[in-house]
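To keep things clear, I will list the structure first and then write my remarks on it.
All heavy atoms count here, side chains included; hydrogens, waters and symmetry mates do not. From a predicted model like this one, the values you see are computed outputs, not experimental measurements. So that the names make sense, note that chain A is the first sequence line, chain B the second, and so on, each numbered from 1.
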Protein chains: 2
Amino acid sequence: MKRVSLDMIAKEVKLSKTTVSMVLNGKGDLHKINPDTQTLILSVAKRLKFRPNMIARNLSTGSSMTLALIVPRMIDTYYGLIAESMEQILSKLGYQVLLGTTHEDPVKEKELLLTFEAQQVDGILIASTQHNLEDIKAISDAGLPIVLFDRHYPEADLPYVVVDNYLGAQKLVRHLIEAGRKNIGYIGLNLDLTAIKDRQIGFENAIEDHVKDQHNLKIVDHKNAKSDCRQAVEELILDQGVDGIVFETHYLALFGIAKIREMDVDYPNAVSIVSFGDHEVFSIFRPEVTALVQPVEKIAQNSIDMLMKQIENKLNSTSKLHEVVEPSMEVRST
Amino acid sequence: MKRVSLDMIAKEVKLSKTTVSMVLNGKGDLHKINPDTQTLILSVAKRLKFRPNMIARNLSTGSSMTLALIVPRMIDTYYGLIAESMEQILSKLGYQVLLGTTHEDPVKEKELLLTFEAQQVDGILIASTQHNLEDIKAISDAGLPIVLFDRHYPEADLPYVVVDNYLGAQKLVRHLIEAGRKNIGYIGLNLDLTAIKDRQIGFENAIEDHVKDQHNLKIVDHKNAKSDCRQAVEELILDQGVDGIVFETHYLALFGIAKIREMDVDYPNAVSIVSFGDHEVFSIFRPEVTALVQPVEKIAQNSIDMLMKQIENKLNSTSKLHEVVEPSMEVRST
DNA sequence: ATTAAATACTAAATCGGTTTAGTTAAATAA
DNA sequence: TTATTTAACTAAACCGATTTAGTATTTAAT
């Protein structure tokens, strides 16, 4: 039950494995191999069901046709969508996807990066914890193509594709203001991520421009997101008397909505809410939840384009390796 | 910027790469390498930041420490959870995960299987489309360990871990009956999967045992699940006058709930619903949705255990490679 | 004093491809 | 007729590890 190798085919057709290799790689004409010989090799390979050992090929070529995808979580439907989108695109390009999840743990992320590098991946797509600049730079400097998506290191000159978090937060606030809300609260996470910071600053600035009030900005622990978020909702509504809340992520919105519904509040009339990031159920909830949509497919496609440019070494001086995509409002009932 | 290889270390310490290889693999004592030599090699490897080329190692050992995970979709939170769970466990075992999604397309699945086989994965975990028995059997027969989870081929003797779909459907019906429902409907998919069939048969049998009525079983096209499901809900309620509906999957439940809420129905009093498969928002919806929970972690763990048994060749005659895990009811408000 | 055994190491084969640098024989050019 | 090209193919190096089958030296046993 031994696998069919190049050598076996070579023996079968009584030619060298060089010739066989060339023909099977479609380089027969290039190397002036007799058309009849080519036909013969091809037919024998087919008959013996030859499938090249990719590991051997990879060792020889130095390329593995494999890319690494590193995300914080998969349960988060946002990353699920990203993963699915990327896998689809890469599969069409002939690449395979090695998956890694960090759970926001920089140590795990570092391990993954090193493993994937040793595994000779051709490139890395990563939504980083943003606590591994050294390792990521080292990898990039070593010549391994990498694209940071969703989260990036603004201080470093590494290729990235991110969403305009600042603008997004402003859009959310603007929506609430246009809906006549006067006292807007915000619930965010205590994650040390640029994306998160930008949203918070975007919120604060949008608020300051339009409605003069105290900031109502609540930061909750990402490890106790559910209970902390519920408490934040209670404080915002009962203590601060807000009439609108911006949730920094879709799952904070999910937690928050649950809490609001349990409270004695006229939702969404007395308190309206909006979410940074859409979720499949927002259009199923009654009332439907207004959300800011992150263009997943675009992020996936652009990240991959950027990675391919590096892999194909088609970088010229005009190649732009920083991209900020604009999120769009999906205005529903809240 | 050349990578550090065994040879370079060997040259540095003026020893053969055999010795270096042995020491770095922790087999120094086994091969009676002088402790001092070992210390030296270890320190030099560390200083030069040696990271073995896995591709080379894989070619040599024939094992890649990589497993393939093939699922229909990632957007489906169920598979997202499975993927996350498996990645976590496998990562701890030192394995890497190659991800593939089929979108229920047997052709894509076949491609993935062949690619992963060529890629020399050490094993395959697959929630199959159930339309590739030949290829899966071929792979298994060729000695590549494989475990089917979530979906299996009952006619073939391949290792699998599945949930008891028949029992699950019965539990759901029983719940509705115990809640006093007399006329229960069912909305399922037109997928040719054992899991799906079992649920439908489970439903029919549970109904026949307890409530004499017409079957109210609606099958919708999985490609038009949303609109077809909405229509099915309408028909069941308006034409059949059901007072309870069993949804075959969590996303059918999601679609159905949205429709019911738009209808002039006293939900959940006049019509109660239950879902085969839980969803993160079911406990956030008001009313909270009663669902049958598939033990994701258990499925992931058991599938991996079963795969490891094959990989480690620890199969003895008592090894059972078929496992049916029992789902549990999460009774909430509906 | 010889043999056997243990210690500490290494040369070279191997995995299965790709690729470089040829080789041989026939065809064409000078 | 000899030199040059071209066609058609191949030997062997290479990728970077693992592993088998040794070798040389020292130590222990008889």
For dT18(D), does either OP1 or OP2 sit under 4.0 Å from a side-chain N or O belonging to Asn25(B)? yes
Reckon Lys17(A) has a side-chain N or O less than 4.0 Å from the OP1 or OP2 of dC9(D)? no
Can a side chain N or O of Thr19(A) be found less than 4.0 Å away from OP1 or OP2 on dT10(D)? yes
Using the six-membered ring wherever Trp is involved, compare the ring planes of Tyr160(A) and His322(A) and label them parallel, tilted or perpendicular (cut-offs 30° and 60°). parallel
Protein-nucleotide distance (Met22(B), atom CE; dA21(D), atom P), rounded to Å: 12 Å
Determine the contact category for Thr61(B): base if any of its heavy atoms lies under 4.0 Å from a base atom, sugar-phosphate if only primed atoms, P, OP1 or OP2 are that close, otherwise nothing. sugar-phosphate
Quick check on dA11(D): is either OP1 or OP2 less than 4.0 Å from any side-chain nitrogen or oxygen of Ser16(A)? no
Residues touching DNA chain D, which here means a heavy atom under 4.0 Å, drawn from residues 28-39 of chain B: none
So, OP1 or OP2 of dG17(C): does either fall under 4.0 Å of a side-chain N or O from Ser60(A)? no
Hey, can you pull the residues of residues 40-55 of chain B with a non-hydrogen atom under 4.0 angstrom from DNA chain D? Phe50(B), Pro52(B), Asn53(B)
Rounded to whole Å, CG of Asn58(B) lies from P of dA17(D) at a distance of 11 Å
Output side-chain donor-acceptor pairs under 3.5 Å for residues 17-25 of chain B, partner residues at least two apart or in another chain, one line each.
{"from": "Thr19(B)", "atom 1": "OG1", "to": "Ser16(B)", "atom 2": "OG", "distance (Å)": "3.1"}
{"from": "Ser21(B)", "atom 1": "OG", "to": "Asn25(B)", "atom 2": "ND2", "distance (Å)": "3.4"}
{"from": "Asn25(B)", "atom 1": "OD1", "to": "Arg57(B)", "atom 2": "NH2", "distance (Å)": "3.1"}
{"from": "Asn25(B)", "atom 1": "ND2", "to": "Ser21(B)", "atom 2": "O", "distance (Å)": "2.9"}

